[in-house]
There are 2 protein chains.
Amino acid sequence: MTHTITRLIPQTPKANASPLAPTDGMLRLPEVAGVRFSAVEAGVRYKGRLDVMLAEVAPGASMAGVFTRSATRSAPVLWCEDALKGPHDADKPFAILVNSGNSNAFTGKNGFDSTKMLASRVATALDCPENHVFLSSTGVIGEPLPADRITAKLDTLASTLSADHATEACAAILTTDTYPKGAVIDMTLDGCPVRLMGIAKGSGMIAPDMATMLVYLFTDAAIDQPLLQDMLSEINAATFNAITVDGDTSTSDTLLLAATGKADMTPITAASDPRAPAFRDALHALMLDLAHQVVRDGEGATKFVEIRVTGADSAASARKIGMCIANSPLVKTALAGSDPNWGRIVMAIGKSGEPADRDRITIRFGDLLVAEHGWVSETYREEDGAAHFARDDISIHVDLGLGTGEDTVWTCDLTHQYITINADYRS
Amino acid sequence: MTHTITRLIPQTPKANASPLAPTDGMLRLPEVAGVRFSAVEAGVRYKGRLDVMLAEVAPGASMAGVFTRSATRSAPVLWCEDALKGPHDADKPFAILVNSGNSNAFTGKNGFDSTKMLASRVATALDCPENHVFLSSTGVIGEPLPADRITAKLDTLASTLSADHATEACAAILTTDTYPKGAVIDMTLDGCPVRLMGIAKGSGMIAPDMATMLVYLFTDAAIDQPLLQDMLSEINAATFNAITVDGDTSTSDTLLLAATGKADMTPITAASDPRAPAFRDALHALMLDLAHQVVRDGEGATKFVEIRVTGADSAASARKIGMCIANSPLVKTALAGSDPNWGRIVMAIGKSGEPADRDRITIRFGDLLVAEHGWVSETYREEDGAAHFARDDISIHVDLGLGTGEDTVWTCDLTHQYITINADYRS
């Protein structure tokens, strides 16, 4: 099934927005029944912009989540992992509190204390148990979170909650992002209209094998929590875990999905429900779109690159080879220079450590046959490769010619702007 | 034992030489008894510079080698692997022929044919078996090697061989290198003076878990081949395999060591010979120095960085964590910006997938205690960290507090110049 995805576009395009930012879409995110948002300027680190958001999910919702597997994950991530375990009270709302500017990671006991204090204060404000409160922090690592600046705004956050404020919430969680990332799919499940909306942030420190950056998904569908969690985890592997900007993995990656059950439907309780695959398809489409939006806003990105690997020894091998290509600085700088330097792709395949036979590798750019039988194709002309690499959207297909394993990953190029952004991010 | 290492310095410093290039040393490489060199301008790709070298090693020598483990390794590497297996004729010389400008990698049957043809022609010119001829090619991947330009110069190469031409040979193998890398150690083994000399090239596509770039080592010591090979392989793991510039692994990495036996000594035949550890120490010192020289000439490098990891679960775990830090684009750009952003080091430890406990990690810059007990140290002041990161030579020490595994790796920073070099290397 194909879904119509409507993307958020910046109200006033920023001068420094990624050249790959979406240009068609909506100026404001719509409402999702059962969810209210608010956002404030708390001055956690940034001045003169929204930097804290609160989401309230009405009682009776199902919550699912996936988090970074980093060994140095942040205090808020550890808190969320515990909170997700439940038990939860079906008569109480859930809350999601997110700040940008400070990740509260590697902040020791102080970090844990401030996380617990914030959860307690939010629980009081929204009248819910502490383990109904999910917290995320994103920004610089290793500096104490000025939690008092957030608590000072909690009353305002609670009193301004509105179903219409998702757009402001989406803006409040950005760090080095050049545009807000939001998307919506409207579907019909057995005749019942259901909405699925997501907001995401992420631009640098984006890497594979982990959950993702900060992503919050909301739907009014009614779906039991275990099934919701299964869907989220499985789709995550093929979407957010399949993207990379720089191969660096955040300490704070968090993906949450709230299903409010406010749509006029009986709950979906099992994967065998005919509505389950329909919802799963839509969820996959929305998560993939948000994952691609994160790549398109990769720090310094000027190219969006799909890398498809087929004919590998296994799907895991295809993933590893794809990521080896996607994370290679030499491949990424060739992309930045619009140089169809396929020799560097060969190099990246070779260094992956995965099964590969030089003479069975086939490389294509889009429909263009580049190399086969261990050498450049007789029909390949450098100017055709250069024409493909001059595009904003580049497609690389590697066939190993060994087995049936396949996978697709997405990345961006490595440019001067990435160096500029990251050589003085803190200063 | 400490050894005095004398490094080659450029005769006329290039304007674009790495700021980390050696400034003290010798203008020309000395002779090693039993080895002669020559170099020519063959115009393989570059114009107006030496680009092919030939080394002849007198009959009776022992040859040892280590090569890239890339699955897409080049035709010359495959040839060398076979040639090293022998059997060899003690009455015949060995030869090493190296060209820059073209790596003859991923060039299919054509690449194999040109390699075999070149080996055959060198064997005829120097009157030795084909499997006494070692070949290396370095440069662009995937383009046919214009072998005729090399064969046209073989007579000149053979007729101009001289013990005094190592400096020219060292210059001929460079590609994006900004300075030639050569070093010499003179030692005494049981009263007998012995010389050990090495030349190396490498600047980009430098990565761990492989042999190295192109490195050729020569000594007049007499050492049996199996012992020589054991020493070379073992020391390689702690030197060339412990450096990384960009995490990308060449298809052409080659490390060769020729021991001519021309020194006035009885051969060392076993590791139990008291002279063996003395020679091993010198070999380790020279290989480490050349490995560091490669890092100091890393593409765009402005900082030389030692990363020491202790207290890890195992030595392998320490290596993996060290390399995760060394290859992190966010750590490398922080280094470029002289930003002591230790949070990114925490991130890199976390993403390694190796055992780590946030609250037991200790981080030091040089002697400066930065973080411990899961948070920034009470005594750490940002300006002290900034002062350390302002240096050319930076030392990062991570103690995991878990076990006794330790390792050290070396890398450089990631700068605008790396992007500039690699976004239009081919054009």
Side-chain angles (χ1 to χ4, degrees), chain A residues 70-73 103 105-111 140-143 204-205 207 210 246-251 327-330 333-334 336-337 339 341-344 346-356 358-359 361 371 373-376 414-416 418-420 422-427, chain B residues 70-73 105-111 140-143 204-205 207 210 246-251 327-330 333-334 336-337 339 341-344 346-359 361 371 373-376 414-416 418-420 422-427:
Chain A
S70 167
T72 55
R73 53 198 181 277
S103 73
F106 212 72
T107 44
K109 185 170 180 310
N110 177 291
V140 69
I141 297 171
E143 296 188 2
M205 217 181 266
M210 298 287 157
D246 51 15
D248 273 345
T249 301
S250 166
T251 51
N327 281 323
S328 158
L330 290 171
T333 47
D339 173 7
N341 192 330
W342 56 272
R344 294 184 184 175
V346 172
M347 175 280 301
I349 298 167
K351 80 162 179 167
S352 69
E354 292 299 309
R358 190 193 61 177
D359 295 342
I361 296 169
H373 309 314
W375 204 19
V376 65
L414 172 60
T415 65
H416 281 290
Y418 182 90
I419 309 288
T420 299
N422 288 299
D424 18 67
Y425 173 40
R426 285 211 312 185
S427 331
Chain B
S70 167
T72 55
R73 51 199 183 277
F106 212 72
T107 45
K109 185 170 181 308
N110 176 290
V140 69
I141 297 171
E143 296 189 2
M205 217 179 266
M210 297 286 156
D246 51 15
D248 273 345
T249 301
S250 167
T251 51
N327 281 323
S328 158
L330 289 172
T333 46
D339 172 8
N341 192 329
W342 56 272
R344 294 184 183 175
V346 171
M347 174 281 300
I349 297 167
K351 80 163 180 167
S352 69
E354 292 299 311
D357 177 342
R358 190 193 63 176
D359 295 340
I361 296 170
H373 308 314
W375 204 18
V376 65
L414 173 60
T415 65
H416 281 290
Y418 182 88
I419 309 288
T420 300
N422 287 300
D424 15 70
Y425 173 40
R426 285 211 312 186
S427 330

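A note on names: the letters A, B, ... follow the listed sequences, proteins ahead of strands, and every chain is numbered from 1. Just so it is clear, the model here is predicted, and its values are computed rather than measured.
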Q | Minimum-distance pair of heavy atoms, taken over all atoms of Thr107(A) and Trp375(B) | A | CA-CD1, 3.1 Å
Q.
So which residue, Arg358(B), Lys109(B), Glu354(B), His416(B), ends up with the most heavy-atom pairs under 4.5 Å with chain A?
A. His416(B)
Q. Can you say whether Ser352(B) sits under 4.5 Å from chain A via the side chain, the backbone, both, or neither, judging by heavy atoms?
A. neither
Q. Can you name the closest pair of heavy atoms from Asn422(A) and Arg344(B) and give their distance?
A. O-NH1, 3.0 Å
Q. Hey, what do you get for CD1 (Ile419(B)) to CD1 (Ile419(A)), rounding to the nearest 0.5 Å?
A. 4.0 Å
Q | Residue His373(A) excluded, over 12 heavy atoms near NE2 under 6.0 Å | A | no
Q | Heavy-atom closest pair, residues Trp342(B) and Gly142(A) | A | CZ2-O, 3.3 Å
Q. Who among Asp359(B), Val376(B), Thr415(B), Asp357(B) has the most heavy-atom pairs with chain A under 4.5 Å?
A. Thr415(B)
**Q.** Heavy-atom check, side chain of Ile349(A) versus side chain of Phe106(B), under 4.5 Å
**A.** no
